[in-house]
Structure formats: structure tokens, C-alpha cells
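Reviewing the structure listed below.
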Amino acid sequence: MRYGQIVMGPAGSGKSTYCSNIVKHCSVVKRTVRVINLDPAAEHFDYPVEADIRDLISVDDVMDDTDLHLGPNGGLIFCMEYLVRNLEWLEEQVGEGEDDYFLFDCPGQIELYTHIPVMRQVVEQLQLWNFRLCGVFLLDSQFLIDAAKFFAGIMTALSTMITLELPHVNVLGKMDLLDKKTKKDIERYLDPDTSILLSELKNTTNKKFHKLNKAICGLIDDYSLVSFLPLDISEEESIETLLMYIDNAIQYGEDLDVRVPKLEPDDPDMIEVTEDRGLEEEGMEET
């Protein structure tokens, strides 16, 4: 069994920054994480990339092709459809290891997670390759300055969750960029009371939208579909807590073998690992 995070979110939501900090955190705790870039419009990374879709195809290459006449968005969709037609490239990049843990850094164009099925096709293929996956959807906490924008973000996250049909964790990123007062205000969006937010919408939106707003709130309340976890990359505890939620969602670690430090044969605290008896202390002689 292998494991992976499908890292998603609107352009500028901090997906690559998220991947970078997860890699750094895992390095500190001696945990191996491999990153695969699936964004053909990416420009640079400050973390090691195991594989890069731009080695297969890039948006710049597509836009430079005079026969295609595609702009940035059309070019990106073309690249992702090309990936789906050449999934053997991705299969070669992920290899055949056991218990590997991957971060798949994905493009931010929302149409890839709504009416264009390419990301779903990628996810389904990864599952056929024995991956347990969790969708990680990031929103910029600086964006959530009022209820209307919050509901726009919720509907985007909900659409993505329904399309991919994966265990799903929603994250409010860039919390480290907020002042104390704004952080306090943002807390109401983590596990939202939609009745309070609905009353705010009534004061700021046209009356003809009130029934629609109420229906959206009812959908969220009735099925408890959306909540958010805060991510402050300046705090290791925040990263560790988020990673724990994701690992639980994909049951990471349950099938891993017990590993102990290698000790010298004459070490009085040597621990022997046996297949049937687990951990057994031996050689505990007084010196």
C-alpha cells in the first residue's frame, strides 16, 4: 500500500508553500515524503521534486505551438488531458515501492475539479496503483474577510470533494500572515455556524438571493460537509496536527513495520524485534 495527498486549491492559495513546509517538517521528524509536481504552469520550487510534469509537457510549450492557438487556461487544460493520455509517465515516476508517501502538487484551475474529468481520472488511476489518497484543499485565510467570500470558498471545496470522492481535508492556509485580531475573527469560519453567517449575508446581498443563501446553508448544515483546519506554518504544532488528521484519513502508519534503532550487540539495552513476540527486552544486566 502507498499513500498520497492530492494538494489542491485556487491559484495563489499556497499549495507549493504547503508542500514545502510539509517536506521540511517531515525531514525534521525523520519521515520520508516525495513530491510530484502536476502543475504544468509552475515556475519554481524551494523543495526537492521527485518528478515534474513539465518534463513531459508544459504550458509554455503548448502556448508556443502555433498550430494550437491556446492561451494560459486552454494550454493548462491541454497539458492535463495530455497527461491522462500518457499516464505511463506518471506510473514510471511513482515507481513500485511499498509504504511510500507522496504529495501531488496540483494546478489551481477550478474547472479541472468540476466539469472537466481529468483530475478524477488521475485519482482513479493512482488508486488502481494501490494508493490511499486524501484530498487536501487549501483556501487563503486572507480571502475570507466576509461571509459571501467564505461561502464561495465552501462551494468550491464542496464541488471538488464531490467530484473526486476522496477523504477530504479543508485547510485555511497563510494563518501566519494574519494579525491577532484577524485570527480571532477567522475562528468562526473553522466550524461555521451557518445561521449567524446567513444573517450577515442578508444584510449584504440582494433580497432575491436570500432563498438561495438559505438553501446553501441548509446543505452545509444537514450533511456536515465542510469544516476547515487552520494552518500556521510558523508553528510546528500546527503542521503536525494537520498532518495527523490527514494520516488518519488515509490510515497511514497502520500497516508499517515496527522499526527500532540499531544497537550494538553488547549494548545492555538492546531490544530484539521478533515476528511473533513484538518487542522484547533482553540483556538487561546490571553493570
Side-chain angles (χ1 to χ4, degrees), residues 3-39 41-53 100-110 113 133-146 149-150 152-154 156-157 160-161 164 166-192 226-250 252-253:
Y3 306 86
Q5 299 181 26
I6 305 296
V7 183
M8 305 166 288
S13 59
K15 298 183 293 295
S16 294
T17 301
Y18 167 83
C19 291
S20 175
N21 283 279
I22 292 294
V23 168
K24 292 175 183 176
H25 173 80
C26 289
S27 176
V28 170
V29 299
K30 309 302 181 184
R31 174 173 165 180
T32 301
V33 172
R34 301 160 67 185
V35 183
I36 292 186
N37 173 50
L38 293 183
D39 184 358
E43 295 182 355
H44 66 277
F45 308 98
D46 63 351
Y47 52 88
V49 177
E50 182 79 14
D52 189 344
I53 189 177
D100 289 340
Y101 198 109
F102 287 86
L103 304 179
F104 296 93
D105 190 356
C106 300
Q109 276 67 11
I110 188 59
Y113 310 95
L133 300 170
C134 178
V136 180
F137 191 90
L138 286 100
L139 282 179
D140 185 347
S141 57
Q142 299 176 102
F143 172 79
L144 302 180
I145 59 176
D146 57 45
K149 290 186 176 180
F150 173 71
I154 273 191
T156 303
T160 302
M161 180 171 65
L164 297 185
L166 288 175
H168 198 88
V169 175
N170 294 305
V171 180
L172 284 185
K174 302 187 180 182
M175 294 290 288
D176 52 299
L177 302 181
L178 304 179
D179 56 41
K180 290 184 179 180
K181 180 181 182 302
T182 308
K183 281 185 179 181
K184 188 70 175 177
D185 293 339
I186 287 290
E187 287 180 2
R188 63 187 181 138
Y189 295 127
L190 299 179
D191 192 9
V226 179
S227 60
F228 289 87
L229 293 172
L231 176 61
D232 184 339
I233 61 173
S234 66
E235 298 179 2
E236 285 294 314
E237 184 178 354
S238 177
I239 300 174
E240 184 176 354
T241 299
L242 175 59
L243 200 53
M244 180 187 67
Y245 273 93
I246 297 169
D247 289 346
N248 286 340
I250 56 178
Y252 174 74

Please name all residues satisfying side chain to side chain donor-acceptor pair (under 3.5 Å) with [X], sequence neighbours left out, ordered by chain then number.
X    : answer
S16  : D105
K180 : none
Y18  : Q5

Salt bridge (Lys or Arg N to Asp or Glu O under 4.0 Å) with K183: which residues, sequence neighbours excluded?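 For K183 the salt bridge (Lys or Arg N to Asp or Glu O under 4.0 Å) partners, ignoring immediate neighbours, are D232.
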
Partner residues of D46 under the salt bridge (Lys or Arg N to Asp or Glu O under 4.0 Å) criterion, sequence neighbours left out: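 Not a single residue meets the salt bridge (Lys or Arg N to Asp or Glu O under 4.0 Å) criterion with D46.
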
Could you tell me which residues satisfy ring pair (Phe, Tyr, Trp, His ring centres under 6.0 Å) with [X], sequence neighbours excluded, listed by chain and number?
X    : value
F228 : F150
F102 : F104, F131
F45  : Y47

Please, which pairs that meet side-chain hydrogen bond (donor to acceptor under 3.5 Å, both in side chains) have at least one residue in residues 28-37, sequence neighbours excluded?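 Every pair satisfying side-chain hydrogen bond (donor to acceptor under 3.5 Å, both in side chains) with a residue in residues 28-37: R31-D247, R34-E50, R34-D100, N37-D52.
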
With sequence neighbours left out, what residues match [X] under side-chain contact (heavy atoms from CB on, under 4.5 Å)?
X    : answer
L229 : V169, L242, Y245
K184 : E187
T17  : N21, I233

